[in-house]
Structure formats: structure tokens, C-alpha cells
Amino acid sequence: MIRSPSREHRLSYAARPMAERSSQAIAILGGTGDQGLGLALRFAQAGRPVVIGSRKKEKAVAAAEEVRAAVAGAEVDGYENAEATQRAPIIILSVPFEHTAGTLKGIRDALSPGQILVSMGVPLATAVGDRATRMVGVWQGSCAELVADLAPEGVAVVSAFQNVPAHRLRTLDAPVECDVVVSGEKAPRKAVMDLCPLVPGLRAVDGGPLANARAIEAWTALLIGMNIRYKVSEGVGFRFTGLPDNSS
Ligand SMILES: NC(=O)c1ccc[n+]([C@@H]2O[C@H](COP(=O)([O-])OP(=O)(O)OC[C@H]3O[C@@H](n4cnc5c(N)ncnc54)[C@H](OP(=O)(O)O)[C@@H]3O)[C@@H](O)[C@H]2O)c1
């Protein structure tokens, strides 16, 4: 849900020095991890400026160097999470579910109205020491709705990419044959859907309102179980049938 910014937030935003921001940039917080680095590599390969965020700047800088080594001409930089947040209109949260609230707390003051925050987290039961094939309940209904609850007013939250396997993202010479269900308010949802075709093989599917993230997040636990049962170490994805050709 996009809420209009409160007066306090508008004022604190106005008083804040604006970091250099490219309208094409994509920031990935936790971009040092498996999934975040995979997305960073793919977006950089597609020619988009990428900003990698980490709790530690030197870790983000090292991850950015890794992307540059793998993708010739990549436009990528690494910063501490709050600084990275200020450098892109779209920010992907790529930290394990149990660190979602803590990470958001750390970047809350760096966010500004109009930015889009992408929730990719899944409340897997590993958060409480149980199995990755099970989920834990979230009061708000899903990780994405938790993020929306914690995000400042005026920041749109969109759910996406939960079911894209990291291993396939990081295998740069092969397409990632997978549908991505994107949920949230219409305009920011469209902006995030537009990121999907940057990765060869990824197709965006319009997932409607943010509450539908409940269904999509739950699929992740199912897919992890399928990876185990079918012994697919690269990770299985899914495709919808019957959608019109121009659906994404
Ligand atoms: N792995 C997959 O195949 C996959 C697929 C689809 C979706 N996802 C989702 O993508 C997100 C990231 O998954 P991942 O496998 O990349 O996770 P990960 O490698 O375990 O962790 C990602 C990053 O989270 C940060 N982090 C770790 N501990 C933290 C803490 N205590 N507080 C704050 N940040 C912390 C770290 O970044 P810094 O140390 O640099 O801060 C780390 O590099 C998760 O929400 C996951 O559900 C993963």
C-alpha cells in the first residue's frame, strides 16, 4: 500500500543530504549473500547500475568487485545498507526473514517517499530452528506485509523473486526458466515486473495485491521440499500455463 508521507517524514527527508541516485539503479541490501549477489550479477549483466548493500561497507565493496570480475563493464558499487538505500529508486531486501525487521530498522531513516522496497523474504521455519520445508506464521500475514507494516509512509512495498533459485541466477551463461509472481500496488508492481525480463528466462506474472504474497511465500517451502525429494541441487522453479503471450 502506498501511504502519503507524514509531515515529519517529509521534513526529515528534506533535511537529509541526498546521495547520488540514478533512476536506473537497483539497490540490493544483503547483496553479499547467495540470492542478492545472483540478482546483482544478472542486473549488471543486463546493463543496469547496481548498488550492493551490506552491514559492512568492505563486504559490499568486495561483492561489487566480484560482480565486476564476472561481468565486463558492470556498473556496480558497494555501500553500507543505509547509504545503498539512498542510491536507488528500487531497493531489494535480500536478507533472511529473521533479519528483516532489524535490517529495516537500520535503513528506515534512509528511505524516502516514492521509493519501492521489494520483499523477497520467506518466513521459513529455519527462523525458529525448524525445517526449511515449513513456514512460521507472521502476524501481518506474510513477510511482504510485515515489510509494508514497518516501512515509512510513502514507500511502496512489492513482493517478488521468492521462488527464483540463487544457483540458477548465478549460472550466468544459462537462462533462469522461471515465473515470478509480483504483488503490490499497481504502479510499483509494474515497475518491479519490468525488472524480470532483464534476466533471460524470467517472466513476470501479475500477482495483484500485496496480500497474495502469502500464497507465493508458502510456495517456497514447497519448492524447497521438492528440491530435496527430486534431488535438484540447482533448485526447481515454476511456470504458469494458459496466460496470454502479452501477460507480463
Ligand atoms: N538462496 C536462495 O536460493 C533464495 C531463493 C529465493 C529467495 N531467497 C530469499 O532471499 C533472501 C536472501 O537469501 P540468501 O540465501 O541470499 O541469504 P544469505 O546468503 O544467508 O544472507 C544474505 C545476506 O543477509 C545478511 N545477513 C546475514 N545475517 C544477518 C543479520 N544477522 N542481520 C542482518 N543481515 C544479515 C548478510 O549480508 P551482510 O553480512 O553483507 O550484511 C548476508 O549476505 C532471503 O529472504 C531468502 O528467503 C533466497
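Predicted, not measured: the structure shown is a model, and the values here were computed from it. All residue numbers in this chain count up from 1 along the given sequence.
- Using a distance-only test at 3.5 Å, with no hydrogens or angles considered, no donor-acceptor pair links the side chain of N81 to the main chain of L29.
- Two residues are said to be in side-chain contact when any heavy atoms from C-beta on lie closer than 4.5 Å; L39 and I26 fail this criterion.
- Contact record, A74 with V67: CB-CG1, 4.1 Å, taken as the closest heavy-atom pair.
- The backbone N or O of V199 sits nowhere less than 3.5 Å from a side-chain atom of R42 that would complete a donor-acceptor pair.
- When atom types are taken as modelled, the side chain of R168 and the backbone of G235 share a donor-acceptor pair closer than 3.5 angstrom.
- For the residue pair V136 and A125, the shortest heavy atom distance occurs at CG1-CA, 3.8 Å.
- Within a 6.0 Å radius of CZ in F240, more than 12 heavy atoms belonging to other residues, nucleotides or ligands are found.
- Atom CE of M120 sits about 4.5 Å away from atom CD of Q35, to the nearest 0.5 Å.
- For the atom pair CG of L210 and CD of Q140, the computed distance is 11.0 Å after rounding to the nearest 0.5 Å.
- Annotation for I116 and A191: closest pair CD1-CB, 3.7 Å, computed over non-hydrogen atoms.
- Residues R108 and L150 fail the side-chain proximity criterion, which asks for heavy atoms closer than 4.5 Å.
- Of the possible donor and acceptor atoms, none in the side chain of R55 sits under 3.5 Å from a partner among the backbone N and O of G30.
- Here the CG-CD distance, from N227 to E234, works out to 9.0 Å after rounding to the nearest 0.5 Å.
- Considering T85, V118, V147 in turn, V147 is the only one that fulfils the side chain to side chain contact (heavy atoms under 4.5 Å, CB included) rule with L93.
- A pairwise comparison of heavy atoms in A148 and V157 identifies CA-CG2, 3.6 Å as the closest pair.
- Expressed to the nearest 0.5 Å, how far CH2 of W139 lies from CG of L146 amounts to 13.0 Å.
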Do V61 and I52 pass the side-chain contact (heavy atoms from CB on, under 4.5 Å) test, and can you show the C-alpha distance, the side-chain angles, and the key distance before you say yes or no?
CA-CA 8 Å; V61 168; I52 292 181; over 6 Å; no
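- Side chain to side chain, S183 and N212 fail the donor-acceptor criterion of an N or O pair below 3.5 Å.
- We find the CE-CZ distance between M226 and F238 to be 10.5 Å, quoted to the nearest 0.5 Å.
- Closest approach of A151 and L117 over heavy atoms only: CB-CD2, 4.2 Å.
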Could you walk me through whether L124 and M135 pass the side-chain contact (heavy atoms from CB on, under 4.5 Å) test, one step at a time?
CA-CA 4 Å; L124 296 176; M135 307 275 289; 4.3 Å; yes
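- Judged by distance alone, the side chain of Q115 and the main-chain N or O of S112 form a donor-acceptor pair under 3.5 Å.
- Between the S142 side chain and the E145 main chain, a donor and an acceptor come within less than 3.5 Å of each other.
- Using a 4.5 Å heavy-atom threshold, the side chains of F161 and C196 count as touching.
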Could you please spell out the steps behind the side-chain contact (heavy atoms from CB on, under 4.5 Å) verdict for T126 and R131?
CA-CA 5 Å; T126 45; R131 298 179 188 178; over 6 Å; no
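- With rounding to the nearest 0.5 Å, the separation of OG in S119 from CG in L104 is 8.5 Å.
- At distances below 3.5 Å, not a single donor-acceptor pair connects side-chain atoms of E75 with backbone N or O atoms of A44.
- Each of L169, L202, V236 was scored for a side chain to side chain contact (heavy atoms under 4.5 Å, CB included) with C178, with one residue passing: L202.
- Between the side chain of E217 and the main chain of C143, a donor-acceptor pair closer than 3.5 Å is present.
- In this structure a side-chain-to-backbone donor-acceptor pair under 3.5 Å is missing from R203 to V180.
- Closest heavy-atom contact between V192 and A160: CG1-CB, 3.9 Å.
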Passes side-chain contact (heavy atoms from CB on, under 4.5 Å), K190 versus D194? Steps please.
CA-CA 6 Å; K190 171 79 171 71; D194 287 346; 2.8 Å; yes
